[in-house]
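Here is the structure we will look at.
Proteins get letters first, then strands, A, B, ... in listed order; numbering begins at 1 in each.
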Amino acid sequence: MPRRSPRPGKGETVAATYGIADLAREFDVTTRTLRFYEDEGLIAPERQGQKRIFSARDRVRLKLILRGKRLGFSIGEIREIINLYDAPPGEVGQIRFFLDKIRERRAALERQRDDIAATLDELADVEARCTTQLRDLGKRHS
DNA sequence: TTTCTCACA
DNA sequence: TGTGAGAA
C-alpha cells in the first residue's frame, strides 16, 4: 500500500508515494533489483535524503519494465521504449518506433527457431552415422 | 530499514 | 540480468 504525504492540507493533492520495500513487495522483485533498474536508468525515483521515494509515475514505469522483460526485451531496449512514455503522448513516431522493436524481436526469435531446427537436423545426421557405425562393428565381431 | 560498493554467475 | 555480502 502506498504511503501518503503527511497531513495534506484541505484540497491539497495527495500524491501517493512508495518506499522501495513497498514496490518490491507489490511487484514481487527484490529491493536490490529496483536499485539495479535505477542504476540502469530505467527509473529515477526522487530522494528524501538518502531514501528513494517512488511516485505513482515510477510505479507505472516499473510495470512497463516488467512487462518488457516478459516480452523478452533487453534492459537497453526497455530503456528506449519506456523513455518514449516521457515525451509527448500519442506521437506517431513513437508508435512506429515501438512497432519496429516488436518486429526486430520477432525476427530475432524466428532466426533462433531456424537455428534450432538446423541444429536438430545436424544432430539427427550424426546420430544416424554413429548408429550405423556401431551396427557395422557389431557385425564384424559376430 | 535503507544505502552503497565490490565481487560473482 | 541480476544476486550476495559487508559496512555505514
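- The phosphate of C/dT3 (OP1 or OP2) has a side-chain N or O of A/T30 nearer than 4.0 angstrom.
- Residue A/Y37 places none of its side-chain N or O atoms closer than 4.0 Å to OP1 or OP2 of C/dT1.
- Every residue two or more places apart in sequence or in another chain that forms a side chain to side chain contact (heavy atoms under 4.5 Å, CB included) with A/T132 is listed here: A/R135, A/D136.
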Using atom names, set out every protein N or O paired with an N or O of nucleotides 6-8 of chain C below 3.5 Å, distance rounded to 0.1 Å.
none

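- Going from atom CG of A/L34 over to atom P of C/dG2 covers 11 Å, rounded to whole Å.
- The side-chain heavy atoms of A/F54 and A/I20, taken from C-beta on, include a pair separated by under 4.5 Å.
- Here A/R79 pairs with nothing under the side-chain hydrogen bond (donor to acceptor under 3.5 Å, both in side chains) rule; sequence neighbours left out.
- A side-chain contact (heavy atoms from CB on, under 4.5 Å) with A/I43 is found for one member of A/R59, A/E38, A/R52 and no other, namely A/E38.
- Rounded to a whole Å, the CD1 atom of A/I78 is 7 Å from the P atom of C/dT1.
- Contacts with DNA chain C (heavy atom under 4.0 Å) in residues 59-77 of chain A: A/K69, A/S74, A/I75, listed by number.
- Contacts of A/R57 classified as side-chain hydrogen bond (donor to acceptor under 3.5 Å, both in side chains), with partners at least two apart in sequence or in another chain: A/D86.
- Contacts of A/E80 classified as side-chain hydrogen bond (donor to acceptor under 3.5 Å, both in side chains), with partners at least two apart in sequence or in another chain: A/K101.
- When the salt bridge (charged side-chain N to carboxylate O under 4.0 Å, His left out) test is applied to A/R35, no partner is found at least two apart in sequence or on another chain.
- As a whole-Å value, the separation of A/F54 CZ from B/dT2 C1' is 11 Å.
- Applying the 4.5 Å side-chain rule to ILVMFWY residues, one finds A/L120 in the same cluster as A/I116.
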Given protein heavy atoms under 4.0 Å, the one-letter contact record of nucleotides 4-9 of chain B, with B base, S sugar-phosphate only and - none, is simply SBB---
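- Residue A/T33 has a polar side-chain atom (N or O) positioned under 4.0 Å from OP1 or OP2 of C/dT3.
- A/E110 is linked by a side chain to side chain contact (heavy atoms under 4.5 Å, CB included) to A/R106, A/R113, counting only residues two or more places apart in sequence or in another chain.
- The side chain to side chain contact (heavy atoms under 4.5 Å, CB included) test applied to A/L66 returns A/F27, A/V29, A/Y37, A/L62, A/K69, A/R70, not counting sequence neighbours.
- Evaluation of the side chain to side chain contact (heavy atoms under 4.5 Å, CB included) rule for A/R96 yields A/V92 as partners, not counting sequence neighbours.
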